[in-house]
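Indexing begins at 1, ligand by ligand and atom by atom, following the structure's order.
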Amino acid sequence: MPCTRRERNLSDWLSASEAMLEKAGIESARLEAQIIAAHLLGQSRSWVLAHPDQPVAENFGEDVLGRRLLREPLAYILGWREFYGRRFKVGLQVLIPRHETEVLIDYAIEHLAGHPEAKVLDWGTGSGCIACTLKLERPLDSVWAIENSSEALKVAQDNAEYLGSSVNFCLSDGSKGMPPQIFDLILSNPPYIAASELLAPELYHEPAEALFAEEDGLAHYRRIAQECKDILAPGGILLLELPDGKSEQVIALFEEQGWTKLGTRKDLGGMVRALALHLP
Ligand code: GLN
């Protein structure tokens, strides 16, 4: 009897792909292989796990796997990243939303308790993840978002439309390009990586202007400390995401400008990640 080769199935593909991803230094290799298979098959991850015998072509997933092996971020390959339980579309124009930034959302929600009429500004909105999430989580009066890259702004507007989140977007480098107004809450996750820092290969795919900042990563905080004094309502709050291990430096910089620290919050890794400030 002629010997026939067994057809390649999903289980074979998952094992082989996991091994390749692991060898390339990718941490959650098994999970990523499952996510890629689900994406390619247009199915959920649980479907993938429940169908190990599903036949797959010899070249199944070759392109996508190749891109990931070159350390392109998975979010860019899939075209989305989950943030606060919702999918945000992402592309090379925007920073990929990070789980750490969800700490900023939780902190904002704490501050907004009992203030449904609050007017909020997201400074440097990128994908729009902060502004859109807050508008969907809280019945706020109005949420504004500024961004200095027109390409990023398009992505944010697209996300707002697709998620049904009504945010007022404005192409503006800092607050000056916006109609004059004041806000009860201003949030920002500014670019804060110093040029000298060594980064994982994935980060070099993201827009440099969304990641790096001059003055050892602190330049945007300096600008925010200056400009936000004029656009924060009396009793208003400024909430910032913080770089790893630099909370004291950022706090000192704001205190020099007349701001007072209200509190901080840590992320799941135990790093001080969010800072609340006000002008006494
Ligand atoms: N606000 C966006 C985010 O947190 C973009 C931040 C940025 O580009 N630095 O993902």
Q: Against heavy atoms of Gly124, which atoms of ligand 1 measure under 4.0 Å?
A: 1 (N), 2 (C), 5 (C), 6 (C)
Q: Do any nitrogen or oxygen atoms of Asp122 come within less than 3.5 Å of a nitrogen or oxygen of ligand 1?
A: no
Q: Please evaluate residues Leu121 and Leu185 with respect to the criterion side chain to side chain contact (heavy atoms under 4.5 Å, CB included), reporting the C-alpha separation (whole Å), side-chain torsions for both, the decisive distance (0.1 Å), and the verdict.
A: CA-CA 6 Å; Leu121 172 68; Leu185 175 66; over 6 Å; no
Q: May I ask you to identify, for Leu211, whether its side chain, its backbone, both or neither come under 4.0 Å of ligand 1 on a heavy-atom basis?
A: neither
Q: Give the atom numbers and elements of ligand 1 that come within less than 4.0 Å of a heavy atom of Asn189.
A: 3 (C), 4 (O), 6 (C), 7 (C), 9 (N)
Q: Does Glu161 offer a backbone N or O that forms a donor-acceptor pair with the side chain of Ser165 under 3.5 Å?
A: no
Q: Pick out which of Thr101, Asp244, Asn189, Thr264 makes a side-chain hydrogen bond (donor to acceptor under 3.5 Å, both in side chains) with Arg273.
A: Asp244
Q: Identify, by atom number and element, the atoms of ligand 1 in contact range of Gly126, meaning under 4.0 Å from any of its heavy atoms.
A: 5 (C)
Q: Could you list the atoms of ligand 1 found under 4.0 angstrom from a heavy atom of Cys129?
A: 3 (C), 4 (O), 10 (O)
Q: Should one rank Thr125, Leu104, Val94 by closest heavy-atom distance to atom 2 (C) of ligand 1, which comes out on top?
A: Thr125
Q: Let me know which of Glu206, Glu32, Glu202 forms a salt bridge (Lys or Arg N to Asp or Glu O under 4.0 Å) with Arg71.
A: Glu202
Q: With only distance considered, is Ala210 within less than 3.5 Å of ligand 1 through an N or O on each side?
A: yes
Q: Aromatic rings Trp13 and Phe60: how do their planes relate, parallel, tilted or perpendicular, breaks at 30° and 60°?
A: perpendicular
Q: Between Tyr162 and Lys89, is there a cation-pi geometry (under 6.0 Å to ring centre, at most 45° from the normal)?
A: yes
